[in-house]
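So the structure is just underneath, and the comments pick up after that.
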Amino acid sequence: LERLLLSRRGRAKVKIPKLKNDNLLKKEWDPVSLEFSNTPLCAITRLVEMEIDDPMPDRRERALAPLFADPERGTPNQREQFAKSAFATIFQGLIVAVLASVHGISMTPGEARKLWS
């Protein structure tokens with residue numbers, strides 16, 4: 001995975017998990033193809049980094065893990081979701097990064113918090 005991350009070459013098909021709203025819609029989603037890019041918000045880069053930081057080699061464990069598993073909460077065999085405060089920090093960082101890289105707007109995390117909440 002480290003070599004893959006350094007090469008920034010390749011692609012992956014990611015199966016979107018069935019969410020509770022999908023049960024109402026009776027909908028299955030097609031896999032999404034992700035490719036490496038040099039953008040600051042490259043999804044496949046973040047997924048590879050997450051796998052390096054908190055590997056889940058067992059497919060059964062992966063199937064039972066929350067979509068956004070927090071490696072600092074729970075145990076390796078029983079992962080827990082991120083706390084709301086962690087999600088808030090993640091979204092604030094995304095808002096700041098997107099506004100800066102896409103729109104050239106500089107904003108502090110505190111200003112993003114007001115915008116996001």
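Both backbone and side-chain heavy atoms feed into the values below; hydrogens, waters and symmetry mates do not. The first residue in the sequence is number 1, and the count goes up from there.
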- Quick one: side chain to side chain contact (heavy atoms under 4.5 Å, CB included) partners of Leu5, sequence neighbours excluded? Phe36, Thr45, Val48, Glu49, Ile52

- Message: Tell me whether Ile105 shares a hydrophobic cluster with Ile95, the cluster being built from Ile, Leu, Val, Met, Phe, Trp, Tyr side chains joined at under 4.5 Å.
- Response: yes

- Message: If I compare all heavy atoms of Cys42 with all of Ser37, which pair ends up nearest, and what's the gap?
- Response: SG-N, 3.5 Å

- Query: At what distance, to the nearest 0.5 angstrom, does OG1 of Thr108 lie from NZ of Lys114?
  - Reply: 8.0 Å

- Output every pair passing salt bridge (Lys or Arg N to Asp or Glu O under 4.0 Å) with a member in residues 32-42, not counting sequence neighbours, ordered by first then second residue. Arg11-Glu35

- Query: Does Val14 share a hydrophobic cluster with Leu1, counting links as ILVMFWY side-chain heavy atoms below 4.5 Å and allowing steps through other members?
  - Reply: yes

- Who passes side chain to side chain contact (heavy atoms under 4.5 Å, CB included) against Val102, sequence neighbours left out? Val98

- Task: Please report the shortest heavy-atom distance between Ile44 and Leu34, naming the atom on each side.
- Result: CD1-O, 3.8 Å

- Task: Taking all non-hydrogen atoms of both residues into account, name the closest pair between Val96 and Met107 and its distance.
- Result: CG1-O, 3.5 Å

